[in-house]
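Let me begin by presenting the structure, written as structure tokens, before commenting on it.
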Amino acid sequence: MAFLELSGIQKRFGETSAVIDFNLAAERGEFVSFLGPSGCGKTTTLRMIAGFEQPTAGTVAVDGKDITRRAPNQRNVGMVFQSYALFPNMTVAGNVGFGLRVRKQPKDRVAKRVTELLELIHLPDKADRYPYQLSGGQQQRVALARALAIEPQVLLLDEPLSALDAKIRVILRNEIRAIQRSLGITTVYVTHDQEEALSLSDRIVVMSEGRIEQIGSPFEVYNFPATSFVASFVGTLNVMTARVAGAAEGRLVMDGQPIRAARPVTIAPDGANVTIAFRPEMLSMGEAGANRLRGTVQDVTFLGSIVRIRVHLASGATVVSVDTFNDPNLTVPEAGAEVTISFPPEAVLVLEAPPAATAEDLIAEA
Amino acid sequence: MAFLELSGIQKRFGETSAVIDFNLAAERGEFVSFLGPSGCGKTTTLRMIAGFEQPTAGTVAVDGKDITRRAPNQRNVGMVFQSYALFPNMTVAGNVGFGLRVRKQPKDRVAKRVTELLELIHLPDKADRYPYQLSGGQQQRVALARALAIEPQVLLLDEPLSALDAKIRVILRNEIRAIQRSLGITTVYVTHDQEEALSLSDRIVVMSEGRIEQIGSPFEVYNFPATSFVASFVGTLNVMTARVAGAAEGRLVMDGQPIRAARPVTIAPDGANVTIAFRPEMLSMGEAGANRLRGTVQDVTFLGSIVRIRVHLASGATVVSVDTFNDPNLTVPEAGAEVTISFPPEAVLVLEAPPAATAEDLIAEA
Amino acid sequence: MNRLSRLAWWLVFIVGFLYFFLPLLGTFAFSMRSQPLFSAYAVVTDDPQFAETLIYSFIVGVLTIIVSIALIVPTAYWVRLRLPRLRPYIEFITLLPFVIPPIILVFGLLRTYSGGPLPLAGSDFGSNVLLVAAYTVLSFPYMYRAVDTGLRAIDVQSLTEASQSLGAGWLRILVQVIIPNLRVSLLSGAFLTLAIVVGEFTIATFLARPAFGPYISLLGGNKAYEPAAVSLISFGLTWIAMGLISLFGRGARTRVQVVGAR
Amino acid sequence: MNRLSRLAWWLVFIVGFLYFFLPLLGTFAFSMRSQPLFSAYAVVTDDPQFAETLIYSFIVGVLTIIVSIALIVPTAYWVRLRLPRLRPYIEFITLLPFVIPPIILVFGLLRTYSGGPLPLAGSDFGSNVLLVAAYTVLSFPYMYRAVDTGLRAIDVQSLTEASQSLGAGWLRILVQVIIPNLRVSLLSGAFLTLAIVVGEFTIATFLARPAFGPYISLLGGNKAYEPAAVSLISFGLTWIAMGLISLFGRGARTRVQVVGAR
């Protein structure tokens with residue numbers, strides 16, 4: 001029996017369906033992320049776990065108890081908001097201790113627990129400050145401590161890092177993960193940022209338009225995306241069309257150049273068109289891999305640790321991105337240079353055909 | 001003579017100095033980013049170029065003309081805001097054509113130019129929509145078209161992507177870069193996101209506390225940071241302390257293990273302590289590089305295209321991060337496994353000693 | 001948020017509503033006592049003075065609205081844009097008409113403008129000017145609050161800077177960018193001003209103007225049921241005006257809310 | 001924003017300021033004509049009725065404030081949290097006292113409560129209750145707007161949900177989380193209410209209450225300079241109250257602004 005169980009959850013607002021048939025079973029201590037673009041229903045689902053929204057159908061159960069109809073203040077669930085939502089009229093200690101005072105715990109126990117939590121979030125000396133005296137990152141850490149103070153059964157975080165600077169996001173992300181591991185608390189984390197979801201989670205629920213697209217570990221979701229939406233939303237992807245030449249042996253033809261996939265093509269017969277995809281980092285310049293494509297360099301983008309080279313394939317209109325690690329000694333090809341790129345058969349993902357709407361399409365519309 | 005020239009710019013608000021001695025010469029068509037944490041003075045500097053703030057001292061010149069005292073509406077500068085700032089009472093076409101109508105251009109020329117620009121931003125069919133009918137990404141593209149319509153001498157963008165979802169940010173970033181290149185317009189871009197700055201810019205101005213820390217190409221800033229602030233703010237970095245063993249040959253000792261740098265150590269004598277740093281992606285598991293360190297795996301984080309392995313060095317308390325590209329066939333070491341990591345002498349950055357405040361310190365305080 | 005508490009809240013609403021409208025209903029019932037039914041209303045609307053004074057008051061109201069908007073919009077805009085630290089003081093000043101009894105205002109006006117360099121109170125035209133001036137002051141709190149709320153809903157600074165960087169001067173920014181986005185606020189302020197001007201009694205009486213307020217009070221001295229009828233008619237007109245606001249308001253409000261970047 | 005236009009703006013401010021304060025100065029000058037200087041003020045403050053009526057009005061004011069807060073705060077909070085679509089209507093209802101002349105209100109009150117099941121207007125105690133009830137209605141616009149502005153400044157929904165997830169019930173949320181963050185708004189609404197109650201004349205007269213408003217008007221009938229003096233004194237008291245608000249307000253406003261996540 002899973003610790004947190006969502007069964008057949010539906011949520012309609014008037015005519016529109018925000019969440020459609022959501023099922024999830026999370027184990028005790030698991031870190032689950034809901035990942036998807038704005039309006040995909042991830043926050044609505046989280047709010048149904050917290051009790052701020054009532055599902056139109058389905059049940060929410062924690063530790064075997066059905067809490068679907070329970071009021072939010074009867075649920076023992078900790079919540080962290082994007083806007084921090086600290087009480088402006090209370091000090092840091094007042095905020096962290098609020099839930100304990102609600103539970104009528106004796107003063108000295110409240111004080112002790114507050115001290116413990118402020119040490120956990122590395123702000124032991126800020127107990128008497130007011131929220132407005134803290135930076136955004138510090139405020140969010142206090143909000144986390146406040147949610148943890150009541151020893152909730154489930155911790156919910158709703159895009160907690162979106163309002164923060166890029167650098168602070170990474171630091172706080174690592175801190176959240178460390179605290180979650182050390183306490184072993186079951187956690188649901190909502191985000192639109194794939195790197196956050198990948199680096200934090202035990203499992204990721206990828207959502208689109210109210211539906212679950214895939215549930216899996218970061219490794220599974222990234223390397224074996226179930227749909228083309230997942231493939232293009234999680235990570236960067238080269239997506240193109242190829243024709244099946246030999247389904248059984250995984251032989252394909254793309255822009256007239258032959259390609260081999262590691263596994264047989266099962267979703268389409270010989271001669272049919274399929275969507276294939278590969279990650280930029282699976283490709284390399286040179287002739288090392290079993291699959292080779294020739295083309296000319298279109299441009300080179302420096303992304304920090306990664307250098308992305310976009311190659312216009314000789315045989316057609318397709319542009320392919322190739323990622324390599326940056327290196328001060330790296331010789332990057334000039335735009336216009338003729339190059340060969342290669343990749344192993346394992347790099348080729350064969351996705352459903354005909355190509356369905358990808359995340360890029362949805363975003364262009366969004 | 002540079003096209004956009006800022007000389008000795010200072011800005012004080014009462015007692016506090018927001019910008020201190022800012023000097024920059026940007027060529028015609030150059031894409032320059034101001035990168036730094038909140039409150040480093042980057043937006044204030046941008047606003048002085050736009051004319052929204054008056055510098056306390058120094059001059060702003062465009063194409064050889066001193067415009068320091070010119071009113072913002074006399075400058076012919078295009079501006080894109082984080083909040084889009086589209087006129088809610090006008091359609092998309094009305095917004096894009098506003099600057100041309102101010103310049104009293106004939107109606108048909110305005111209409112023609114608006115059509116051109118809407119095609120440039122890939123929204124040709126949205127001319128009659130109102131801003132509230134568009135998504136955030138579309139609104140920001142319209143704001144860009146509006147700023148470009150008047151053919152400004154300089155285009156200024158103030159964190160234009162901060163309000164958008166992660167995926168849309170990347171798409172719009174590429175679009176901005178493509179448009180800027182095709183028009184050859186001199187551009188200044190303010191951001192706190194190092195990946196944006198690295199991928200977009202011809203040159204980056206890294207700022208901290210009102211001062212310029214370094215000006216250089218993305219490649220220079222990333223690979224040869226001038227200060228430890230730059231090193232830690234731009235990209236991820238392993239920062240640690242080492243003792244100089246042989247300055248002339250670049251020999252160092254870290255946690256009792258010998259290390260070689262590619263270049264002689266010039267900033268400190270033998271026996272002194274220096275700060276050394278290396279990028280996680282320059283390290284690899286195994287014995288391939290000239291420098292080798294032994295340790296145990298602390299944890300493994302999956303970041304999507306990159307897998308980050310943190311290794312606790314056998315000889316001390318130091319933890320080092322190692323990045324490798326993700327690969328479905330990759331065998332990742334378990335936590336606790338004994339490993340050797342190695343890196344070439346070129347990977348070692350020797351920074352000033354004693355270690356100054358790094359970006360992490362500033363952020364923890366911020 | 002269970003059913004019981006929701007019920008309790010609705011109860012509060014209903015009680016409040018009744019509490020508020022009972023006096024109105026009482027007045028209406030009283031005005032109905034004149035026989036035949038609605039005869040009080042017929043008497044009133046037949047009186048030529050009713051229309052005359054009402055039209056006079058409407059004209060004064062419209063002039064007041066124009067002067068008030070011309071003074072308030074640029075001021076409120078400028079304060080929000082450049083002098084945000086002055087906002088509490090400006091707000092304070094605009095609240096003064098709430099706390100200065102009109103009698104003081106008219107007292108002071110008469111005393112200041114009866115003689116000296118500007119003997120306005122002596123002539124009919126001068127008195128009309130003084131009346132509009134006094135009503136403009138009375139309208140400040142409503143107009144300023146309405147405009148300020150409207151300005152809060154749009155991102156004044158960014159919109160201004162965007163216009164400036166596109167080459168626009170102050171006049172164009174005000175007329176083409178700021179004011180069109182204040183439509184609802186201005187309507188709301190205007191209708192409130194109108195309602196107050198039409199109902200005002202003290203100042204109009206002291207300045208001896210043929211306005212609607214003094215007419216009602218005159219009626220009150222001579223007749224039994226008619227004052228109630230007149231009050232309800234003027235109240236009804238105001239009600240219609242307010243209904244118009246909320247109609248205009250609904251559409252535009254949704255728009256503004258959707259627009260802002262979060 | 002060159003020098004010239006900045007000058008022009010200051011000019012507008014100064015003219016507006018003068019325009020507004022000239023009547024006050026005129027009143028003051030007039031009250032000074034009684035010989036010896038300030039004798040009008042001395043006469044007034046020596047009159048025992050002055051203190052009696054002022055104290056009565058202050059007590060009524062405080063009661064009004066309490067009732068008004070008890071009605072408005074939960075309503076405004078609930079509307080903002082759960083019924084945001086009702087906001088325009090509630091706002092509209094709270095504006096009604098601006099547009100219903102007090103004479104109608106008192107008319108209706110007297111007619112409704114003179115006989116029938118609740119003959120309040122017959123007794124002294126009942127009349128006091130009616131007075132507080134009427135003033136509570138008059139205070140609605142000020143109090144509701146103040147509270148609503150205060151609620152806008154805090155993130156009502158997130159704060160409520162955060163409290164709920166920590167186990168708090170509605171009463172605790174209101175008392176420990178919402179109201180402490182409305183301190184400035186409540187003060188501002190309270191002082192305005194006080195100012196209005198102290199100056200109100202019509203309703204108090206019709207209900208025959210020994211309040212400060214009728215006292216001034218009584219004075220006005222008998223004396224020359226004293227009404228001006230009394231008006232200025234009550235105006236001065238209000239001024240002090242308003243000054244207190246802006247003092248309280250400044251500190252808390254900065255705090256609220258800094259707090260919000262952008």
Side-chain angles (χ1 to χ4, degrees), chain A residues 46-47 49-53 70-90 94-105 130-137 139-140 142-143 146-152 154-156 158-165, chain D residues 69 73-74 77-78 80-86 146-188 248-262:
Chain A
L46 190 82
R47 291 172 58 79
I49 303 175
F52 302 137
E53 306 279 358
R70 218 181 266 182
N73 58 352
Q74 304 299 324
R75 287 198 182 199
N76 203 26
V77 153
M79 180 96 185
V80 175
F81 299 82
Q82 183 183 340
S83 60
Y84 323 143
L86 293 179
F87 306 128
N89 55 312
M90 299 181 199
N95 268 282
V96 174
F98 184 82
L100 301 171
R101 293 201 306 280
V102 170
R103 281 163 178 70
K104 304 218 167 20
Q105 301 226 351
Y130 281 91
Y132 73 97
Q133 297 171 313
L134 303 180
S135 71
Q139 286 189 51
Q140 196 56 297
V142 173
R146 182 179 65 176
L148 291 171
I150 57 170
E151 299 183 38
V154 181
L155 177 66
L156 307 175
D158 186 8
E159 308 226 10
L161 307 179
S162 300
L164 300 170
D165 271 13
Chain D
I69 287 180
V73 171
Y77 168 64
W78 195 255
R80 217 160 231 289
L81 191 66
R82 299 285 155 153
L83 310 163
R85 261 175 299 167
L86 278 188
V147 170
D148 198 54
T149 306
L151 287 172
R152 197 199 318 251
I154 58 178
D155 184 350
V156 172
Q157 199 189 339
S158 295
L159 289 183
T160 302
E161 290 180 353
S163 317
Q164 283 183 307
S165 74
L166 294 168
W170 291 115
L171 189 66
R172 187 187 289 267
I173 296 175
L174 263 178
V175 173
Q176 291 190 5
V177 177
I178 301 299
I179 290 179
N181 290 306
L182 293 179
R183 205 175 46 116
V184 185
S185 305
L186 293 177
L187 270 176
S188 140
F248 275 104
R250 204 120 38 100
R253 193 165 293 146
T254 9
R255 217 169 92 190
V256 169
Q257 276 178 349
V258 177
V259 168
R262 48 158 205 156

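All figures in this text were calculated on a predicted structure; none of them were measured in a lab. Per chain, numbering begins at 1; letters A, B, ... match sequence-line order.
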Going by the salt bridge (charged side-chain N to carboxylate O under 4.0 Å, His left out) test, which pairs reach into residues 159-175 of chain D, not counting sequence neighbours?
A:Arg47-D:Glu161
Distance in Å, D:Asp155 CG paired with A:Leu86 CG, rounded so as to fall on 0.5 Å steps:
11.0 Å
Could you tell me the separation between the CG atom of A:Leu155 and the OG atom of D:Ser165, rounded to the nearest 0.5 Å?
10.0 Å
Note, A:Phe98 side chain near D:Val177 side chain (heavy atom, < 4.5 Å):
yes
Please look at D:Thr160 and chain A and tell me whether the side chain, the backbone, both or neither of the residue comes under 4.5 angstrom of a heavy atom of that chain.
neither
CE-CD distance between A:Met79 and D:Gln164, expressed to the nearest 0.5 angstrom
11.0 Å
Shortest non-hydrogen contact between A:Asn73 and D:Ala168, atoms and distance:
ND2-O, 3.0 Å
Short question: side chain of A:Asn89, backbone of D:Leu182 - any donor-acceptor pair under 3.5 Å?
no
Taking every non-hydrogen pair under 4.5 Å, which of A:Pro152, A:Gly99, A:Ala149 racks up the most with chain D?
A:Gly99
Please state whether the side chain, the backbone, both or neither of A:Arg103 comes within less than 4.5 Å of a heavy atom of chain D.
side chain
Scanning both residues in full, the closest heavy-atom pair of A:Ala85 with D:Ala162 reads O-CB, 4.0 Å
Below 4.5 Å from any heavy atom of chain D, which atoms of A:Phe87 appear? Answer side chain, backbone, both or neither.
both
Validation row: D:Leu159, A:Pro88 side chains within 4.5 angstrom (heavy atoms):
yes
I want to check something: taking the side chain as every heavy atom from C-beta on, are D:Gln157 and A:Phe52 in contact at a cut-off of under 4.5 Å?
no
